[in-house]
Amino acid sequence: MANALPSRARVVIVGGGVIGVSVAYHLGKLGISDVVLLERKQLTSGTTWHAAGLVGQLRQSINMTQLARYTAGLYRGLEAETGQATGYRQCGSISLATTPGRMEELKRNASMAKVFGLKVDVISPSEIRSLYPLVNVDDVIGGIHIPSDGYANAVDITQALAKGARASGVQIFQETKVTEIHHDGTRVRGVSTPQGRIDADYVVLCGGMWTRDVAASIGVTVPLHACEHYYVLFKDVPGLTPDLPVLRDYDHCSYFKYDAGKLLVGAFEPHARPWGENGIAEDFSFGEIDGNFEHFEPVLMDAMRRVPALENAGIQKFFCGPESFTPDVRYHLGESAELKNCFVAAGLNSIGLQSAGGVGKVISEWIRDGHPPIDLWEVDVRRNMPFQINRKYLRERVSESLGLLYATHWPYRQYETARGVRKSALHDRLAKAGACFGEAFGWERANWYAPAGVEPKYEYSYGRQNWFVHSAREHQAVRNGVALFDQSSFGKLRLEGRDAERVMNRVSANAMSVAPGKLVYTQWLNERGGIEADLTVTRLSETAYLIVTGAETEVKDFNWLQKHIAADDHCVLTNVSSGMGVLSIMGPDSRKFLQSLTPDDLSAAAFPFASSRVIELGYALVRASRITYVGELGWELYVPTEFLQGVYDELVNAGTAFGLVHAGYHALNSLRMEKAYRHWGHDITDEDTPLEAGLGFAVKLDKAGGFVGRDALLKQKQDGLRKRLVQFQLKSPEPLVYHNEPIWQGDSIVGFIRSGMYAHTLGAAVGLGYVTAPGGGVVGNIDPNGYEIEVAGVRYPTIASLKPLYDPTNQRIKS
């Protein structure tokens, strides 16, 4: 180990657990050797040292599974590369299902694994018993077996990565606490320690459960909180052999792993115990928690029923230690929204070891290239809202987060803790109208409405859930009459100043030099042509624009636009999301309905599609924008928050005569899917271009001055498209698609579904997914009958189309 701190480094990594050391290792592999890792105590002394060591590969999404697969491959060869023992053993894994819902989930995951060639076998109870003779399968329906899974020793893996990092020139300093992170308000500049200051171009926060506080000290939002994590080590287990696979009994919250002649039984229980809310002791190192045996006992009793041999074994160790968890059980990775070159890799939700290789790889490549190597939005640290570092919120939410690792991942499952954080001014009125609320980014949003006599509560399944018929009624009201949506959770940004037009044209693919009162649908692109944002922009005046984006991307999109305002641009960006509520009035009767309430002319001639103006409504002046995300005639009404209740009351009172129906976000989703409208984060991401996504109509390649990403699009247009976004409708009305289902063309998998929903007007499930040409090359014509979608192991014929299957000529929205 080096004796003296350098005064400067290109990259400083804060934290010496397996994540920080993996980042150091991968930076070194990329030839970035001017790297310093600083660890407050000893390597692995936070939470890595007590990791159970599971190395699983199948996650809940395509890209997360790819990262886990890379990790497993790295660990297989790490000992041979470094000479450091890792304890890695490829023993395979088995996941059990004791309920039909869990079996459906496992089958769907096995189908997803086919997209990238991960071998996952669906197996019967008898096959499970042959692979794991100790297991009791009396209540088991089936399961899946992944032969390439395994386990490793977390401390040994970390030391091997550290050895590899040092061999590449990385310097690692232990017993060196970072006491301050320096920045100039725009970007990080270095760190200070008791041993001195290091100036740096990049700082990577890998501080595990300390990361929230370290990040908060420089104004960076990283919501995470520690929870107690339990396992028991059994000795003298009859029949225990080293060749047993890892066993996961999700429905009983437990996992089983052979551990040097003993059997380790761990838990992810549904109601966890938060830890460290009052701070973590300064001397905490290789620390354990006293724990609560009564809390763990129910899981232990279930484990003994699952593996009866434990009844005759002894307990060598009852262990409780801290692990950090995030509000949505997803990592925090990438460059922060608040400070340039400040990177985060933390909040690994107790699966740090099986994630570390992939995390180190993508963070190091992101630093090298200036952008993420793959779509990482689901774990991007910029998704977080500032309120989420609130300690009370975190304490309550992570008590649920831990158990969600092993809970059934039901479609549309809603969080039960830390609810009611952000509410529309109409929340109580919507509740009286029968709203069943879901939580999204802190917002309470009406997902569906229960009619009189029906409790607004979810009953989960992989089939048609209890709200299906109610949401269908809302869907048909939009198609045939008129409905009201509360979309107040929209992110709303205002750019104002004499250079606003120039900035908007530079960052937007569409033309922004439009007259005040015009509304423009556009994408913001990166230099590679990938879609960073998908939004609408209204020109308010010669010097002002209103940008409307999704609630999920409010922070990200603000940050993206702010970064593209040059120092000499005379304009100011302001987040005005809280200042306005949004009511969407949608359906073929929307004009007739609204016209009865305003003296302003709403005729097609006076108020054409994609126009916006202030109208009188009730006692208020509201901005009415003629735009749609449901494929029907309609207006979005932007109402100052203090007027929102009055405007809503006016609409509802008058709506009785027009059959006005309240509609929720599930109907919004089925309507937009039917019309093949794209959703950023699912159907379009920073890896997809507008040309691939069928959004070329919103791109003005000949725009004076160009725009970010134009050159990449010109090249792609010249070279041809190697993937295209297609809408699929299943020919059978029964199966439901959600996401990640494989798309087959003949005997080849050519893509996967990005998002899916039942389309009530079309009468079957629909999905959007990119297809490639079998064997690669440019994608040609799309055969409408040439594709199948695999759902839980069964392939279903589809109708495929590049144009929307509903109203392909847009006659309804322009009526």
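Side chains are part of it too, since the values below use all heavy atoms of this structure and drop only hydrogens, waters and symmetry mates.
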For [Y], is there any backbone N or O sitting under 3.5 Å from a side-chain donor or acceptor partner on [X]?
X      : Y      : value
Asp534 : Trp680 : no
Ser801 : Pro804 : no
Glu474 : Gly664 : yes
Thr641 : Ser578 : yes
Arg626 : Ile813 : yes
Thr685 : Gly681 : no
Ser590 : Leu633 : yes
Ser488 : Val582 : yes
Ser541 : Thr543 : yes
Asp589 : Phe593 : no

Within 6.0 angstrom of [X] [atom1], more than 12 heavy atoms from elsewhere:
X      : atom1 : answer
His564 : NE2   : yes
Lys814 : NZ    : no
Arg187 : CZ    : yes
Lys731 : NZ    : yes
Asn781 : CG    : no
Lys518 : NZ    : yes

With rounding to the nearest 0.5 Å, note down the distance linking [atom1] in [X] to [atom2] in [Y].
X      : Y      : atom1 : atom2 : answer
Asn505 : Thr522 : CG    : OG1   : 9.0 Å
Leu333 : Glu378 : CG    : CD    : 9.5 Å
Arg383 : Phe441 : CZ    : CZ    : 10.5 Å
Leu805 : Thr761 : CG    : OG1   : 12.0 Å
Thr689 : Leu525 : OG1   : CG    : 8.5 Å
Leu583 : Tyr638 : CG    : OH    : 11.0 Å

- Message: Determine whether Val572 and Thr574 satisfy the following criterion, side chain to side chain contact (heavy atoms under 4.5 Å, CB included), listing intermediate values before the conclusion.
- Response: CA-CA 7 Å; Val572 175; Thr574 307; 4.0 Å; yes
Using distance alone, with no hydrogens and no angle criterion, decide if [X] and [Y] have a side-chain donor and acceptor under 3.5 Å apart.
X      : Y      : value
Asp600 : Thr598 : yes
His371 : Asn526 : no
Thr221 : Glu338 : yes
Ser508 : Asn510 : no
Ser755 : Arg672 : yes
Lys340 : Asn559 : no

Below 4.5 Å, heavy atoms only, C-beta onward: do [X] and [Y] meet side chain to side chain?
X      : Y      : answer
Phe558 : Leu573 : yes
Val115 : Asn740 : no
Leu430 : Glu444 : no
Val537 : Leu495 : no
Ile753 : Leu768 : no
Leu668 : Met586 : no
Thr538 : Ile627 : no
Gln523 : Arg678 : no

Should [X] and [Y] count as an ion pair when the cut-off is N to O under 4.0 Å?
X      : Y      : result
Glu532 : Lys556 : yes
Asp375 : Arg754 : no
Glu554 : Arg422 : yes

Which heavy atom of [X] sits nearest to which heavy atom of [Y], and what is that distance?
X      : Y      : result
Glu552 : His679 : OE1-CE1, 4.1 Å
Leu762 : Glu674 : N-OE2, 2.9 Å
Arg445 : Ser489 : NH1-OG, 3.0 Å
Leu519 : Ser625 : CD1-CB, 3.6 Å
His475 : Ala667 : N-CB, 4.1 Å

- Mutual orientation of the aromatic rings belonging to Phe468 and Tyr758 [parallel < 30°, tilted 30-60°, perpendicular > 60°]: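 Rings of Phe468 and Tyr758: perpendicular, as their planes differ by over 60°.
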- Run the salt bridge (Lys or Arg N to Asp or Glu O under 4.0 Å) check on Asp369 and Arg528 step by step: do they pass? CA-CA 12 Å; Asp369 300 333; Arg528 305 171 307 287; over 6 Å; no
- Task: Applying side chain to side chain contact (heavy atoms under 4.5 Å, CB included), run through Phe707 and Lys700 and close with a yes or a no.
- Result: CA-CA 9 Å; Phe707 55 88; Lys700 297 297 182 285; 5.5 Å; no
- Task: Decide side chain to side chain contact (heavy atoms under 4.5 Å, CB included) for Thr628 and Lys675; before the verdict, give the C-alpha distance in whole Å, the side-chain angles of both, and the deciding distance to 0.1 Å.
- Result: CA-CA 11 Å; Thr628 181; Lys675 181 61 175 158; over 6 Å; no
- Task: Kindly indicate, with the supporting measurements, whether the criterion side chain to side chain donor-acceptor pair (under 3.5 Å) is fulfilled by Ser424 and Tyr648.
- Result: CA-CA 12 Å; Ser424 159; Tyr648 170 86; over 6 Å; no
- Query: Should Leu725 and Asp688 be marked as a side chain to side chain contact (heavy atoms under 4.5 Å, CB included) after you check the CA-CA gap, both sets of side-chain angles, and the distance that decides it?
  - Reply: CA-CA 9 Å; Leu725 188 64; Asp688 311 309; over 6 Å; no
- When you look at Tyr449 and Arg473, which way does the side chain to side chain donor-acceptor pair (under 3.5 Å) test go after all the steps? CA-CA 10 Å; Tyr449 288 84; Arg473 177 180 59 86; over 6 Å; no
- Apply side chain to side chain donor-acceptor pair (under 3.5 Å) to the pair Trp744 and Glu790, showing each step before the final yes or no. CA-CA 7 Å; Trp744 289 85; Glu790 180 176 330; 3.0 Å; yes
- Are Arg613 and Phe607 in a cation-pi contact, defined as NZ or CZ under 6.0 Å from the six-membered ring centre and within 45° of the axis?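 So Arg613 does make the cation-pi contact.
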